[in-house]
K.L.:
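Structure below; questions to follow.
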Amino acid sequence: NNDTVSWVRGKCIGKGSFGTVSLGVDKSDGRVFAVKSVDRMACIPSQLEALENEIRILRSLSYSSSSPYVVQYLGDDESYEKTTSFRNIHLEYLPGGTVTEDHDDVDELTLRSRIWCLVSALKHVHSRGIVHCDVKGKNVLVGHAPGLVKLADFGSGKDYSMFDSGAPISPRGSPLWMAPEVVRGESQGSESDVWSLGCTIIEMVTGKPAWEDHGVDTLSRIGFSDELPAFPDRLSETGRDFIQKCLRRDPTQRWSCSQLLEHPFLAAAAPDSV
Ligand code: ADP
Ligand code: MG
Ligand code: MG
């Protein structure tokens with residue numbers, strides 16, 4: 001069905017806010033990968049912009065050393081399939097689904113290993129001057145072992161070239177995971193990813209977003225109250241302390257990823273092998 005490129009599109013494995021993710025199979029060696037695609041004619045301009053933004057960020061992240069905890073970027077291309085023209089990103093295929101889907105089977109040891117991977121991924125991303133802006137369970141994918149996860153979906157990401165000092169920002173990402181300063185439109189830096197990480201950990205334990213979705217009311221609670229989301233009972237005291245370090249309302253008081261890796265909750269939590 002597609003003679004213009006060296007691969008064949010397989011079944012759909014995910015749908016996000018803007019496009020589709022399919023399996024791709026290389027015609028020459030049968031290698032399997034994931035293809036994130038936008039239909040050039042059927043999409044709205046912002047969807048194509050998000051894909052081009054993601055390509056830009058993934059390229060700069062894969063330059064020189066990459067992180068084993070960030071979904072690997074394999075390249076990008078265009079394909080013409082029947083009458084449709086697609087813009088595609090090729091990514092390493094992660095077979096285990098998202099961390100939201102399989103939270104039930106996860107013991108605290110596996111959870112700690114997953115969080116270690118996620119914090120390591122974010123530390124790498126932040127060290128490159130990039131803010132992910134959309135850290136949440138659906139963007140954390142499970143790899144070949146239950147304790148191995150990788151950070152995906154850089155469509156909302158921004159790099160230092162997009163930082164402007166002190167000017168109001170337009171919030172990026174998913175509302176229920178947004179940090180208070182992002183909801184208020186004040187700033188969105190690496191600290192804001194750490195708040196989203198805290199919400200994601202709660203989600204990884206309960207399978208549900210940290211905040212219940214009551215629309216504008218919830219956003220005003222996140223941005224303009226002293227409230228914090230409920231911490232899961234199932235978690236140890238050390239785990240709850242870890243979440244507290246992520247969910248400090250004042251971004252300057254929030255722990256950085258380097259500090260979080262030194263927290264007792266993550267001691268000896270690294271996965272056995274990559
Ligand atoms: P969006 O920006 O539209 O949210 P994502 O990059 O998050 O797109 O991908 C949407 C979904 O597709 C993910 O939540 C996941 O279920 C699946 N997916 C994305 N990338 C991969 C991958 N590399 N391997 C396996 N599944 C993936
Ligand atoms: Mg996504
Ligand atoms: Mg996205």
Side-chain angles (χ1 to χ4, degrees), residues 7-26 31-40 42-59 61-62 66-77 86-103 114 117-118 121-122 125 130-146 148-159 162 170-178 182 188 192-193 196-197 199-200 203-204 207-209 213 274:
W7 55 276
V8 184
R9 189 180 296 277
K11 69 169 185 189
C12 175
I13 53 171
K15 267 200 180 307
S17 47
F18 79 95
T20 52
V21 180
S22 327
L23 281 181
V25 184
D26 193 294
R31 199 172 41 89
V32 170
F33 50 93
V35 195
K36 186 171 178 177
S37 307
V38 165
D39 177 340
R40 279 191 180 281
C43 71
I44 55 172
S46 63
Q47 295 172 321
L48 196 55
E49 274 163 36
L51 198 82
E52 297 295 352
N53 181 59
E54 182 159 15
I55 292 169
R56 212 172 48 81
I57 303 260
L58 285 170
R59 277 185 189 158
L61 272 178
S62 62
S66 55
S67 165
Y69 310 106
V70 171
V71 172
Q72 202 191 338
Y73 162 71
L74 303 173
D76 56 89
D77 66 6
F86 290 103
R87 182 77 171 107
N88 309 301
I89 308 179
H90 295 217
L91 299 158
E92 157 192 25
Y93 170 57
L94 277 280
T98 75
V99 293
T100 321
E101 285 153 11
D102 75 339
H103 71 281
R114 287 183 175 188
C117 296
L118 191 46
L122 276 176
V125 169
I130 289 165
V131 185
H132 184 280
C133 299
D134 200 12
V135 176
K136 60 174 179 177
K138 278 195 174 141
N139 293 334
V140 181
L141 307 181
V142 182
H144 293 278
L148 174 65
V149 300
K150 303 197 184 200
L151 181 60
D153 194 358
F154 287 81
S156 305
K158 62 177 196 176
D159 61 28
M162 298 157 95
S170 18
R172 295 164 173 250
S174 307
L176 297 180
W177 288 262
M178 272 177 195
V182 179
Q188 184 159 21
S192 317
D193 277 349
S196 307
L197 168 74
C199 294
T200 302
E203 184 191 4
M204 284 162 87
K208 291 187 296 235
D213 190 1
V274 176

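Each ligand, and each atom within it, is numbered from 1 in the order the structure gives.
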K.L.:
Taking only heavy atoms of Tyr93 into account, list the atoms of ligand 1 that are under 4.0 Å away from them.
P.N.:
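The list of qualifying atoms is 24 (N), 25 (C).
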K.L.:
With heavy atoms only and a cut-off of under 4.0 Å, state how Ala34 meets ligand 1: side chain, backbone, both or neither.
P.N.:
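Answer for Ala34: side chain.
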K.L.:
Nearest to atom 23 (N) of ligand 1, what protein heavy atom do you find, and at what distance?
P.N.:
Glu92 O, 2.8 Å
K.L.:
Would you mind checking if Arg87 and Asp39 are paired as a salt bridge, meaning a charged N to carboxylate O distance below 4.0 Å?
P.N.:
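No, no charged N to carboxylate O under 4.0 Å.
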K.L.:
What protein heavy atom sits nearest atom 16 (O) of ligand 1, and how far away is it?
P.N.:
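Sorting protein heavy atoms by distance from atom 16 (O) of ligand 1 puts Thr98 CG2, 3.6 Å first.
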K.L.:
Quick one: name the protein N/O/S atoms under 2.8 Å from the Mg ion (ligand 2), chain by chain.
P.N.:
Asn139 OD1, Asp153 OD2
K.L.:
Can you name the atoms of ligand 1, numbered from 1 with element, that are less than 4.0 Å from a heavy atom of Ile13?
P.N.:
25 (C), 26 (N)
K.L.:
Are Ser62 and Gln72 close enough that a side-chain donor and a side-chain acceptor fall under 3.5 Å?
P.N.:
no
K.L.:
Start with the C-alpha distance between Lys208 and Glu203, add both sets of side-chain angles, then the distance that settles side-chain contact (heavy atoms from CB on, under 4.5 Å), and finish with yes or no.
P.N.:
CA-CA 5 Å; Lys208 291 187 296 235; Glu203 184 191 4; over 6 Å; no
K.L.:
Quick check on contacts: which atoms of ligand 1 are under 4.0 angstrom from a heavy atom of Gly14?
P.N.:
12 (O)
K.L.:
Consider every N or O of Glu101 and every N or O of ligand 1, then say whether any pair is closer than 3.5 Å.
P.N.:
no
K.L.:
Taking the side chain as every heavy atom from C-beta outward, state whether Leu91 and Leu74 have any atom pair closer than 4.5 Å.
P.N.:
no
K.L.:
Report yes or no: do Ser174 and Lys136 form a side-chain donor-acceptor pair below 3.5 Å?
P.N.:
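There is such a pair between these side chains.
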K.L.:
Do His90 and Asp77 meet the criterion of a side-chain donor-acceptor pair at a distance under 3.5 Å?
P.N.:
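Judged by distance alone, the side chains do pair up.
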K.L.:
CG of Leu197 to NE2 of His132: how many Å apart, nearest 0.5 Å?
P.N.:
11.5 Å
K.L.:
Among all protein heavy atoms, pick out the one at the shortest distance from atom 24 (N) of ligand 1; state its residue, atom name and that distance to 0.1 Å.
P.N.:
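Scanning the protein heavy atoms, the shortest distance from atom 24 (N) of ligand 1 goes to Leu94 N, 3.0 Å.
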K.L.:
Counting distance only, does the side-chain N/O of Arg172 pair as donor-acceptor with the main-chain N or O of Asp134 below 3.5 Å?
P.N.:
no
K.L.:
Look only at the side chain of Asp159 and the backbone of Ile130, and say whether a donor-acceptor pair between them is shorter than 3.5 Å.
P.N.:
no
K.L.:
Please write down residue, atom name and distance for the protein heavy atom closest to atom 8 (O) of ligand 1.
P.N.:
Lys36 NZ, 3.2 Å
K.L.:
With side-chain contact (heavy atoms from CB on, under 4.5 Å) as the criterion, how do Leu148 and Val142 come out once you've worked through the C-alpha distance, each side chain's angles and the decisive distance to 0.1 Å?
P.N.:
CA-CA 6 Å; Leu148 174 65; Val142 182; over 6 Å; no
K.L.:
Which protein non-hydrogen atom lies closest to atom 14 (O) of ligand 1, naming both residue and atom, and how far is it?
P.N.:
Lys138 O, 2.8 Å
K.L.:
Between Arg9 and Asn88, does the side-chain contact (heavy atoms from CB on, under 4.5 Å) criterion hold? Intermediate values first, please.
P.N.:
CA-CA 11 Å; Arg9 189 180 296 277; Asn88 309 301; 3.3 Å; yes
K.L.:
To the nearest 0.5 Å, tell me how far Lys11 NZ sits from Thr20 OG1.
P.N.:
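Separation between the atoms: 14.0 Å.
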K.L.:
Which is it for Lys138 and Asp153 under the salt bridge (charged side-chain N to carboxylate O under 4.0 Å, His left out) test, yes or no, and what are the steps along the way?
P.N.:
CA-CA 9 Å; Lys138 278 195 174 141; Asp153 194 358; over 6 Å; no
K.L.:
Among all protein heavy atoms in this structure, tell me which lies nearest to atom 1 (P) of ligand 1, with the distance rounded to 0.1 Å.
P.N.:
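Sorting protein heavy atoms by distance from atom 1 (P) of ligand 1 puts Asp153 OD2, 3.3 Å first.
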K.L.:
Quick one: look at Asp134 and ligand 1, take heavy-atom pairs under 4.0 Å, and tell me if it's side chain, backbone, both or neither.
P.N.:
neither
K.L.:
Who's the nearest protein heavy-atom neighbour of atom 18 (N) of ligand 1, and how far?
P.N.:
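Answer for atom 18 (N) of ligand 1: Val21 CG1, 3.9 Å.
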K.L.:
For atom 27 (C) of ligand 1, which protein heavy atom lies nearest, and how many Å away is it?
P.N.:
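Nearest neighbour among protein heavy atoms for atom 27 (C) of ligand 1, to 0.1 Å: Leu141 CD1, 3.7 Å.
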